[in-house]
Amino acid sequence: MIDVPGTLSSGQVFLWRHVGVFWYVIDGQNILKVDDTGVIDATRTITDFFRCGDDIDRMHESFAQDPLLTELIHRYEGLRITNQNLFQCVISFIVSANSNIPRIRRNLQDICHRFGDKTAYDDIAFCLFPTPAVLAGTDTHHIRECGVGYRAQHIQGASAAIRDGLCDGIDRMSYKEAQGTLCEMPGVGRKVADCILLFSCGHLEAVPLDRWIIRVMHEHYGIGDGTTPHTTRQYDILHDDVRDRLGPYAGYAQQYLFKMARNNSEKPLKW
DNA sequence: TGTTGACCTGG
DNA sequence: CAGGTCAAC
């Protein structure tokens, strides 16, 4: 069973709307229609957005020696890792850098409204995510008008790289190979790359080390010092330690821990 | 290789 | 400060 609202609001995916009993998810040039059981229809292709093939039972077993994760998989039962459109995922997490979730959502919505094709589905108006070619051909001055600030340059550069085929065949690359490819794009460092590797390339060993996770790993596991790594080498060392500790489903574990950290935070979450 | 700051925007 | 990245010492 999938916890659809819980998954959609877990900070992996930003462009979704709740209308009546359905959720509509913008995924590149595709719109997914989702109910509480999962994807039931789409404008283009029905994709396995919620990764229904993942062996959740096996994941539970791999967490058996970890009391915290064992508790969290029950508290947040049904939380999934998503499988998103690559380009939209790249831009989403470039936009996320040094920002916050309410603003990330607003920025991405603005990008769709200004540069994406308008369409209708179930008599509801939507704007699709723009194509790489469109954003690559847009002056950074106009991209900035979406409120993304200095990231506009990165968005344009990454769009051009993808339009020119940089990421072709990335699904067949190893974790390290794909990481190297992704990090060639402006605005994509280790953390953003891990988000893309996990949410779009199916690498469950990818663990995005953001401020929240770094804090949790220090406080609950005694790994790292709780401060954000500032060099790639530092990030890699910490990543190896975290991955070793969380196991083969480290990416899932990260998502549970991220959810916990945010839910325990002082301020009420703004969705 | 390691260290330091700047960087758009808005809550 | 916020789900980092980049570039100049």
Side-chain angles (χ1 to χ4, degrees), chain A residues 6-16 79 81-82 84 88-111 114 138-161 179-200 206-219 224-239 242 246 250-271:
Chain A
T7 299
L8 293 179
S9 61
S10 67
Q12 336 175 25
V13 49
F14 305 95
L15 296 176
W16 48 269
L79 176 63
I81 293 295
T82 58
Q84 311 177 209
Q88 184 178 322
C89 190
V90 168
I91 302 304
S92 295
F93 288 98
I94 285 176
V95 165
S96 79
N98 201 20
S99 186
N100 54 76
I101 293 182
R103 180 153 83 110
I104 297 165
R105 291 184 56 131
R106 203 170 49 244
N107 291 164
L108 292 172
Q109 282 166 185
D110 284 353
I111 287 173
R114 293 183 74 88
T138 301
D139 193 282
T140 57
H141 174 70
H142 294 303
I143 299 178
R144 259 182 189 265
E145 289 170 6
C146 297
V148 296
Y150 59 86
R151 303 168 192 79
Q153 203 84 226
H154 301 160
I155 291 170
Q156 201 227 33
S159 298
Q179 176 185 71
T181 301
L182 292 169
C183 288
E184 286 182 38
M185 293 186 281
V188 180
R190 284 294 196 271
K191 189 270 170 180
V192 169
D194 267 331
C195 290
I196 301 162
L197 288 161
L198 180 59
F199 304 137
S200 220
V207 185
L209 298 179
D210 57 51
R211 295 181 149 96
W212 295 95
I213 294 303
I214 287 163
R215 207 172 307 161
V216 169
M217 291 315 295
H218 173 64
E219 289 172 3
D225 61 7
T227 67
T228 306
H230 217 274
T231 66
T232 61
R233 185 177 147 66
Q234 221 176 141
Y235 185 100
D236 287 345
I237 293 171
L238 185 58
H239 188 278
V242 169
L246 299 180
Y252 267 95
Q254 169 272 158
Q255 207 58 35
Y256 285 100
L257 294 168
F258 182 75
K259 189 115 182 159
M260 175 193 73
R262 285 185 58 78
N263 284 175
N264 290 164
S265 77
E266 301 288 329
K267 359 178 199 179
L269 305 178
K270 293 172 189 170
W271 292 100

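Letters go in sequence order (proteins before strands), and every chain restarts at 1.
When every heavy atom of A:V192 is checked against every heavy atom of A:F93, the shortest pair comes out as CG2-O, 3.3 Å. The two residues A:I94 and A:G187 have their closest heavy-atom pair at CG1-O, 3.8 Å. In terms of heavy atoms, A:L238 sits closest to A:G224 at CD1-CA, 3.9 Å.
Of the P atoms belonging to B:dG11 and C:dT5, the separation is 24 Å, rounded to the nearest Å. The C1' atoms of C:dC1 and B:dC7 are separated by 14 Å, rounded to the nearest whole Å. Comparing the same atom, P, in C:dC6 and in B:dG10 gives a spacing of 23 Å after rounding to whole Å. Taking atom P on both C:dG3 and B:dG5, the two are 23 Å apart, rounded to the nearest angstrom.
The residue A:F258 sits close to a base: some heavy atom pair falls under 4.0 Å. Here A:V192 lies in heavy-atom contact (under 4.0 Å) with sugar-phosphate atoms only. Residue A:T231 is classed as a base contact, given a heavy-atom separation below 4.0 Å to a base.
The base of B:dT1 does not come close enough to the side chain of A:R233 for any donor and acceptor atom to sit less than 3.5 Å apart. In terms of polar N and O atoms assigned as donor or acceptor, the side chain of A:K191 comes within less than 3.5 Å of the base of C:dG3 in a complementary pairing.
Going from atom CG of A:N98 over to atom CZ of A:R103 covers 8.0 Å, rounded to the nearest 0.5 Å. Summarising the geometry, atom CZ belonging to A:F258 is positioned 11.0 Å from atom CG belonging to A:L79; distances are rounded to the nearest 0.5 Å.
Out of C:dA2, C:dC6, C:dG3, the shortest distance to the side chain of A:R215 is found at C:dA2.
For the pair A:I196 CD1 and C:dG4 C1', the interatomic distance rounds to 13 Å; values are reported in whole Å. Here the P atom of nucleotide C:dG3 and the NE2 atom of A:H154 are 19 Å apart, to the nearest Å. Nucleotide C:dC6 holds its P atom 11 Å from the CE atom of A:M185, rounded to whole Å. Between A:Q234 atom CD and B:dT4 atom C1' there is a gap of 13 Å when expressed in whole angstrom units. For the pair A:N100 CG and B:dT9 C1', the interatomic distance rounds to 9 Å; values are reported in whole Å. Note: CD1 (A:I237) to P (B:dT1) measures 12 Å, nearest angstrom. Regarding A:R151, its CZ atom lies at a distance of 13 Å from the C1' atom of C:dC6, rounded to whole Å. Nucleotide B:dG10 holds its C1' atom 13 Å from the OH atom of A:Y150, rounded to whole Å.
Contact annotation: A:R106 side-chain N/O to B:dG11 OP1/OP2 distance is under 4.0 Å.
Of the nucleotides present, B:dT4 is the one that pairs with C:dA7 by Watson-Crick or G-U wobble criteria, both distances under 3.5 Å.
Using a distance-only test at 3.5 Å, with no hydrogens or angles considered, a donor-acceptor pair links the side chain of A:S92 to the main chain of A:Q88.
Along DNA chain C, the nucleotide nearest A:R103 and the nucleotide nearest A:P229 are compared for position; the residue whose nucleotide lies closer to the 5' end is A:R103.
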